[in-house]
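In each ligand, atom 1 is the first atom listed, and ligand 1 is the first ligand listed.
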Amino acid sequence: MLNVAKDDVMAWPKQVYQDYPQPATDKMDDILKPFVQKTVEVNHVLLDALSVKLGLPKDALSRRHRLDARSTCGVRCIKTPPEPEGWSEEKALFAAHSDYGSITFLHNRLGGMQVLAPGTNQWQYVKPLPGHAILNVGDSLNLLSGGLLRSNLHRVVPPPGQQFSHERWTVGYFMRPENDVPLNALVDESPLIAEAVAKTPERNFHTGETAREWSIRRFNNIRATNYKGKENWKASGGTENYKAVREAVDAGAGARVSVNA
Ligand SMILES: O=C(O)CCC(=O)C(=O)O
Ligand SMILES: [Fe+2]
């Protein structure tokens, strides 16, 4: 798995955070930079449409996700070898999690990603379609929207059927709010969001954390070297007050860890 920070891609050949291996540096100008720019452009169209639907000013979300502002956004490339033994639930490649940011834009050819649809205990495959991308709403957008947009639990298991004999590749862009954006529901900017928050008193939509603090806390607790058990899983959590997630975790959905979502 290779993660490349958006800020490093956009600053290239200057460095903002760190070095990357040659497969990434060779492709910065021709592939990574255009990929980031195009993805952010598409995501802004989506964020504007979502803002309007949420009763927010049209740019309320996109102005919190500007391309040239520092953030924890990044590109991720995941290569998974073929699984000769075929499918088995224990072989989850990515444990159950919800993404930390706002929008995750995923491109893959093989199946394997599964989602826990709200109100169910059944994992369902999300089938990649040619010419399409898969979009996950992350926890930050869930919070900003007062829970109106859901960040569902998902995981990755070996691809189904005959696909298991192929190498699986995912390329994704993880869009997260700008570093200093407070992660609170936007109640002052939308009566719809204010109403949704008022109707969910059991949830805290005022995290007191900035987007950067939120991501760093979660990355640090889930990192395999720090991970000691369920307590870290909970400390890494963002939507643990969200009933479906809490129930799934208590039922063991989050028992395995391998993610940096
Ligand atoms: O590989 C995939 O299809 C999804 C990976 C994922 O959920 C993640 O990187 O957060
Ligand atoms: Fe994910």
Legend entry - Proximal atoms of ligand 1 relative to Arg76 (non-hydrogen, under 4.0 Å): 8 (C), 9 (O), 10 (O)
Legend entry - Contact check, Arg155 vs ligand 1, heavy-atom distance below 4.0 Å: no
Legend entry - Atoms in ligand 1 with a heavy atom of Arg168 nearer than 4.0 Å: 1 (O), 2 (C), 3 (O)
Legend entry - For His154, the ligand 1 atoms whose distance to one of its heavy atoms is below 4.0 Å: 7 (O)
Inset, instruction - May I ask you to say whether Arg218 pairs ionically with Asp139, meaning some side-chain N is under 4.0 Å from a carboxylate O? - result: yes
Legend entry - Asn152 side chain vs Ala117 backbone, donor-acceptor pair below 3.5 Å: no
Legend entry - Under 3.5 Å: donor-acceptor pair, side chain of Ser190, backbone of Leu54: yes
Legend entry - Which of the ligand 1 atoms, numbered from 1, are nearer than 4.0 Å to a heavy atom of Asn108: 2 (C), 3 (O)
Legend entry - Glu178: which of Arg63, Arg66, Arg212, Arg70 passes salt bridge (charged side-chain N to carboxylate O under 4.0 Å, His left out): Arg66
Legend entry - ring-ring contact (aromatic ring centres under 6.0 Å, His included) partners of His44, counting only residues at least two apart: none
Inset, instruction - With the Fe ion (ligand 2) at the centre, find the angle made by NE2 from His154 and NE2 from His97, to 10°. - result: 90°
Inset, instruction - Answer yes when Arg217 and Glu213 have at least one side-chain N-carboxylate O distance shorter than 4.0 Å, and no when they do not. - result: no
Legend entry - Name, closest N/O/S atom of Asp99 to the Fe ion (ligand 2): OD1
Inset, instruction - Select one of side chain, backbone, both or neither to describe which atoms of Thr104 lie under 4.0 Å from any atom of ligand 1, heavy atoms only. - result: neither
Legend entry - Proximal ligand 1 atoms for Thr170, defined as those under 4.0 Å from one of its heavy atoms: 1 (O), 2 (C), 3 (O)
Inset, instruction - Measure the spacing between NZ of Lys14 and CG of Asp7 and express it to the nearest 0.5 Å. - result: 13.5 Å
